There are 2 protein chains.
Amino acid sequence: MNAPPSSDPLDALFAALADPTRRAILARLAEGEATVAELAAPFAMSQPAVSKHLKVLERAGLVTAGVDGQRRPRRMNAAPLAEAADAIERYRQIWERNYRRLDVLLEEMKAVEQQSRKGREI
Amino acid sequence: MNAPPSSDPLDALFAALADPTRRAILARLAEGEATVAELAAPFAMSQPAVSKHLKVLERAGLVTAGVDGQRRPRRMNAAPLAEAADAIERYRQIWERNYRRLDVLLEEMKAVEQQSRKGREI
DNA sequence: GTTCATGACAACCAAACAGTTATATAACCA
DNA sequence: TGGTTATATAACTGTTTGGTTGTCATGAAC
């Protein structure tokens with residue numbers, strides 16, 4: 001009956017995307033699965049550091065780990081990206097609705113202005 | 001010639017979106033401009049805390065401050081949201097392209113399977 | 001069975017974050 | 001002028017983050 005401290009999944013999702021290393025890892029995994037070592041190679045950073053980043057991405061649901069002998073290949077899961085895009089789109093749409101309303105208001109003001117101009121012209 | 005430590009604007013953008021308080025503030029501002037006090041009201045949090053959140057949103061380009069006497073009304077700027085949505089869409093598209101390629105591969109394997117089945121049937 | 005390779009895990013550290021209270025600034029109002 | 005309101009700024013604090021090194025577990029290969 002009482003959601004503890006909430007902890008919206010969007011928190012973890014956007015936080016995961018807020019780091020350039022993690023975005024690069026994600027871009028790499030969008031191309032296809034890869035091992036930790038492969039993912040770590042491009043970065044001037046230790047393997048445990050990359051593993052930590054992977055854990056963040058996993059907590060956000062963007063990455064899953066498989067098992068293949070001693071490797072643990074990671075693959076990307078795109079579903080949460082849709083969640084994020086939806087959330088962003090919601091803000092944008094509310095904003096646009098109200099922006100449009102402002103536009104209409106400005107149109108109306110302009111129309112009134114025209115009217116009063118005509119009045120003076122007569 | 002030497003980009004300092006990079007600091008991608010997407011960092012600030014996604015980081016700004018990664019906090020539920022800030023998302024709520026943004027949702028409120030999507031409806032129209034509001035003062036700091038108005039924005040702070042719904043939260044069990046001091047006014048300086050909200051001002052800090054606003055500063056984060058401003059650094060991300062999502063919010064701007066106006067001047068009206070002693071108030072400093074905030075309004076939302078939707079443009080960076082499009083940036084974020086684009087970035088997300090890029091990941092999704094790369095992923096989809098490769099996912100589709102995997103689908104084709106599976107189709108081909110299934111076809112081969114059918115072939116060999118036919119072979120045995122003869 | 002050693003030995004090598006992959007990767008996880010723990011302990012540690014510095015810097016950044018998210019909140020607090022207290023204080024300053026600046027505009028309005030009487 | 002002095003008081004009140006709106007907001008910013010500063011100083012402090014506990015927690016989180018992003019990295020390090022060192023060690024351990026597991027599976028592969030000789």
Side-chain angles (χ1 to χ4, degrees), chain A residues 4-29 32-76, chain B residues 4-26 28-29 32-60 62-76:
Chain A
S6 192
S7 195
D8 196 316
L10 284 179
D11 290 11
L13 193 42
F14 283 124
L17 292 171
D19 182 284
T21 301
R22 287 194 290 265
R23 288 198 303 275
I25 290 175
L26 202 62
R28 168 63 187 80
L29 286 177
E33 69 173 38
T35 67
V36 175
E38 286 165 358
L39 291 169
F43 301 105
M45 187 185 299
S46 65
Q47 169 262 311
V50 171
S51 283
K52 276 195 185 181
H53 282 302
L54 285 171
K55 204 154 267 180
V56 173
L57 289 165
E58 284 164 22
R59 261 187 295 136
L62 287 165
V63 167
T64 59
V67 180
D68 166 34
Q70 48 193 329
R71 343 213 141 137
R72 211 118 345 152
R74 283 359 198 246
R75 28 167 68 200
M76 174 176 160
Chain B
S6 193
S7 194
D8 195 315
L10 284 179
D11 290 11
L13 194 41
F14 283 125
L17 292 172
D19 183 283
T21 302
R22 287 193 291 263
R23 288 198 301 277
I25 289 175
L26 203 61
R28 169 62 186 79
L29 287 176
E33 70 173 34
T35 67
V36 175
E38 285 164 0
L39 291 170
F43 301 105
M45 187 184 301
S46 64
Q47 167 262 312
V50 172
S51 282
K52 275 196 186 179
H53 282 302
L54 285 171
K55 204 155 267 177
V56 173
L57 289 166
E58 285 164 21
R59 261 187 294 134
L62 288 166
V63 166
T64 58
V67 179
D68 167 33
Q70 48 193 327
R71 349 216 135 135
R72 212 118 345 156
R74 278 10 194 238
R75 27 166 71 199
M76 173 176 162

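All values below were derived from every heavy atom in this structure, side-chain atoms included, with hydrogens, water molecules and symmetry-related copies excluded. Here the structure is a predicted model, which is why all the values come from computation and not from measurement. Naming convention: chains lettered A, B, ... in sequence-line order (proteins, then strands); numbering from 1 in each chain.
A 4.5 Å side-chain heavy-atom check between A:D8 and B:R23 finds at least one atom pair inside the cut-off. A 4.5 Å side-chain heavy-atom check between A:L17 and A:L62 finds at least one atom pair inside the cut-off. Residues B:V36 and B:L39 are not in side-chain contact: their nearest non-hydrogen atoms beyond the backbone lie 4.5 Å or more apart. A:V56 places a side-chain heavy atom less than 4.5 Å from the side chain of A:R59. Taking 4.5 Å as the limit, every side-chain heavy atom of A:T35 sits out of range of all side-chain heavy atoms of A:D68.
Between A:K55 atom NZ and D:dT17 atom P there is a gap of 14 Å when expressed in whole angstrom units. Per the geometry, NZ belonging to A:K52 stands 14 Å off C1' belonging to D:dG22, to the nearest Å. We find that CZ of A:R22 is positioned 9 Å from C1' of D:dT17, with the value rounded to whole Å.
Contacts between chain A and DNA chain C, taken as any atom within less than 4.0 angstrom of a protein heavy atom, begin and end at C:dA5 to C:dC9.
Between D:dT20 and A:S46, a contact under 4.0 Å exists linking OP1 or OP2 to a side-chain N or O.
Listed in residue order, the members of residues 60-73 of chain A having a heavy atom less than 4.0 Å from DNA chain C are A:Q70, A:R71, A:R72.
In this structure, CG in A:D19 is found 11.5 Å from CG in A:L26, a value given to the nearest 0.5 Å. Interatomic distance, A:R74 CZ to A:S51 OG, rounded to the nearest 0.5 Å: 6.0 Å.
Nearest-nucleotide positions on DNA chain D place B:V36 closer to the 5' end than the other of B:V36 and A:Q47.
Using modelled atom types, no side-chain atom of A:R72 and backbone atom of A:A65 make a donor-acceptor pair closer than 3.5 Å.
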